[in-house]
Amino acid sequence: MGKITGFIEFHRAKQPYRPVAERVKDWKQVMAPFPEDVLRKQGARCMDCGIPFCHQGCPLGNLIPDWNDLVYRGQWQEAIDRLHATNNFPDFTGTLCPAPCEGACVLGINDDPVTIKAIELAIIDRAFQEGWIKPEPPKVLTGKKVAVVGSGPAGLAGAQQLRRAGHEVTVFERDDRIGGLLRYGIPEFKMEKKVLDRRLDQMQAEGVVFKANAHIGVNVPVDELKRNFDVILLAGGACAPRDLPVPGRDLRGVHFAMEYLKQSNRRCEGDQVPAEQEISARGKHVVIIGGGDTGADCLGTANRQGAKSVHQLEIMPRPPETRASDNPWPEYPHVYRVATAHEEGVERVYSVSTKRFIGGEDGRVKMLELVKVEAVREHGRVIINEIPNSSFTIPCDLALLAMGFTGPERPGMLEQLGVKFTDRGNVWRDGNWMTSVPGIFTAGDMQHGQSLIVWAIAEARSAARGIDKYLTGASDLPAPL
Ligand SMILES: Cc1cc2nc3c(=O)[nH]c(=O)nc-3n(C[C@H](O)[C@H](O)[C@H](O)COP(=O)(O)OP(=O)(O)OC[C@H]3O[C@@H](n4cnc5c(N)ncnc54)[C@H](O)[C@@H]3O)c2cc1C
Ligand code: SF4
């Protein structure tokens, strides 16, 4: 603990963002860097608690007080070494993590928590600027071959760990570009793709082989993988979307959020989209159904495309401003949040349910009929009841369904491999991260359900250790979970 009185002297500083009027005109990252002197004082707020609850809050078990202190002292190179000891990609988490660690920070009991996430990002940004991030190819090769299916954060973290342990690693991705949801889900304004690309360059230099346009179970048979590799790691995510089967669902102009976000991300990559396939918010009344983060990503995208208006609908009531009594510290705080996309313009509507999409003569959606609802708790379960005679309509030329995901996609690879599923519909695994099929392992959303990048990385690090042990009988790889 560098400065004993830091937490008394300094207040939490707000993360700087580019001004709204400027950032909605482009796709560049909205976050702006903290000045170094401000950030070092933020590091000094860490109390280096006897029991650092932030370690527990972070699924990776990041050694947060250590690097807070190193940043306060200006020892940036030591800080990145300590950070990389537990996290392959602090650049992704420092930018995109909702920071459950901050919800568990002891200072948060009676003050604002330490700005852990911003400090994490500053460390890795500095490390890239200084040229400290270099490929770390293995010194000894094992001769064992691992296939990783899926190139999201789980696939990438698993591949990097296994390569550094000396195995031959090939990552297969069905899309035309590598990166999973980091590439085609998360918009450029949240994390620029060059952040992803520099990591892919590092991994390639370490010896990881990437194969895009390789859809396992479709254009690459599962038997080919089984024949050619000693082990398979399934990291295919959980992107089966939750649908809204109400009248009018088949009207033109009603799309899943991921169809919309993927296309927009493709355009940002420079791809041309044929006019008849274009999904654009330009000049339209947009309605996003689903009040979560995927919805917020659709919102930021719609405003950048020049939407006439945007509503974001949520079936649940507006969350409280501060923690409710059944959501105490150090749990993740379920409170009202304003994402950067919300600051850019939206009408957020709570406690409503969609009754139907109403179309015009051209077969396109024109309006939405909504009804007000109330959520009541019965025997520990939340029941949604419609309020009688409360229906109303809002204009809608583009409806985006962002109501979450039901789990991994089963047809194709998973069914052909014959893996067992959990009651929640995710891929089942044992304590060593192996599925019900020997030699086939899993990590990330495929076995967790749609979750967070930090969990995907943590699970993949643990699965990599399980695989390394399976292949060689022992492993020095760390496992946070
Ligand atoms: C729109 C959106 C925004 C999000 N924003 C955030 C955020 O800001 N912060 C955060 O922490 N989390 C966020 N998340 C959640 C986060 O992106 C995921 O939890 C994380 O990407 C999961 O990583 P993964 O590697 O398990 O799967 P994914 O990232 O989903 O990657 C899986 C990959 O596997 C590929 N694949 C699947 N099946 C096959 C097959 N048979 N053959 C070959 N390839 C296959 C898929 O094409 C995909 O590229 C967001 C999610 C969405 C949908
Ligand atoms: S990865 Fe997320 S939870 Fe862990 S220290 Fe970083 S911001 Fe906090």
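For the pair Val38 and Ala13, the tightest heavy-atom approach, listed with the atom from each and the gap, is CG1-CB, 3.8 Å. Scanning all heavy atoms of the two residues, the minimum distance from Pro408 to Gly237 falls at CB-O, 3.6 Å.
With Glu269 as the partner, the salt bridge (Lys or Arg N to Asp or Glu O under 4.0 Å) test is satisfied by one option alone out of Lys262, Lys194, Arg177, Lys193: Arg177. For the side chain to side chain contact (heavy atoms under 4.5 Å, CB included) criterion with Thr86, the lone passing option out of Asn62, Ile64, Asp66 is Asn62.
The existence of a salt bridge linking Lys41 and Glu36 is excluded, since no basic side-chain nitrogen approaches an acidic carboxylate oxygen closer than 4.0 Å. By the 4.0 Å N-to-carboxylate-O rule, Arg183 lies too far from Glu173 to be salt-bridged with it. Ion pairing between a basic and an acidic side chain is recognised when a charged N comes within 4.0 Å of a carboxylate O; Lys190 and Asp297 show such pairing. Taking 4.0 Å as the cut-off between side-chain N and carboxylate O, Arg163 and Glu136 do not count as a salt-bridged pair. A salt bridge links Arg304 with Glu344; the closest basic N to acidic carboxylate O contact falls under 4.0 Å.
Residues Trp67 and Ile123 have side chains in contact (heavy-atom distance under 4.5 Å, counting atoms from C-beta outward). Annotation: side chain of Val365 is not in contact with side chain of Ile358 (no heavy-atom distance under 4.5 Å). Between Lys366 and Pro395, every side-chain heavy-atom pair lies at or beyond the 4.5 Å cut-off. A 4.5 Å side-chain heavy-atom check between Thr354 and Glu369 finds every atom pair outside the cut-off. Proximity of Arg126 to Glu130: side-chain heavy atoms (C-beta onward) are separated by under 4.5 Å at one or more points. Using a 4.5 Å heavy-atom threshold, the side chains of Leu401 and Asp243 count as touching. No side-chain heavy atom of Phe89 sits under 4.5 Å from any side-chain heavy atom of Ile453.
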When you look at Gln202 and Arg199, which way does the side-chain hydrogen bond (donor to acceptor under 3.5 Å, both in side chains) test go after all the steps? CA-CA 5 Å; Gln202 182 198 29; Arg199 279 297 182 186; 2.9 Å; yes
Using salt bridge (charged side-chain N to carboxylate O under 4.0 Å, His left out), reason through Arg18 and Asp26 one step at a time and then give a plain yes or no. CA-CA 11 Å; Arg18 295 163 57 221; Asp26 62 45; 2.5 Å; yes
Glu188 vs Gln29, side chain to side chain contact (heavy atoms under 4.5 Å, CB included): CA-CA, chis, key distance, verdict: CA-CA 6 Å; Glu188 191 84 12; Gln29 212 158 290; over 6 Å; no
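The main-chain N or O of Leu370 is never found under 3.5 Å from a side-chain atom of Ser391 such that the two would form a donor-acceptor pair. At least one donor-acceptor pair under 3.5 Å links the side chain of Arg45 to the backbone N or O of Phe10.
Sorted by first and then second residue, the ring pair (Phe, Tyr, Trp, His ring centres under 6.0 Å) pairs involving residues 312-346 (not counting sequence neighbours) are Phe53-Trp329, Tyr332-His334.
For the residue pair Gln447 / Glu459, a side-chain donor-acceptor distance below 3.5 Å is found, with atom types taken as modelled.
The local environment of CG in Asp37 is crowded, with over 12 non-hydrogen atoms from other residues, nucleotides or ligands closer than 6.0 Å.
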Using distance only, find each side-chain donor-acceptor pair of residues 98-108 under 3.5 Å and give its atom names and separation, not counting sequence neighbours.
| unit_1 | atom_1 | unit_2 | atom_2 | d |
| --- | --- | --- | --- | --- |
| Glu102 | OE1 | Arg12 | NH1 | 3.1 |
| Glu102 | OE1 | Arg12 | NH2 | 3.1 |
| Glu102 | OE2 | Ile116 | N | 3.0 |
| Glu102 | OE2 | Lys117 | N | 2.9 |

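By the 6.0 Å and 45° rule, Arg267 does not stack over the aromatic ring of Tyr260.
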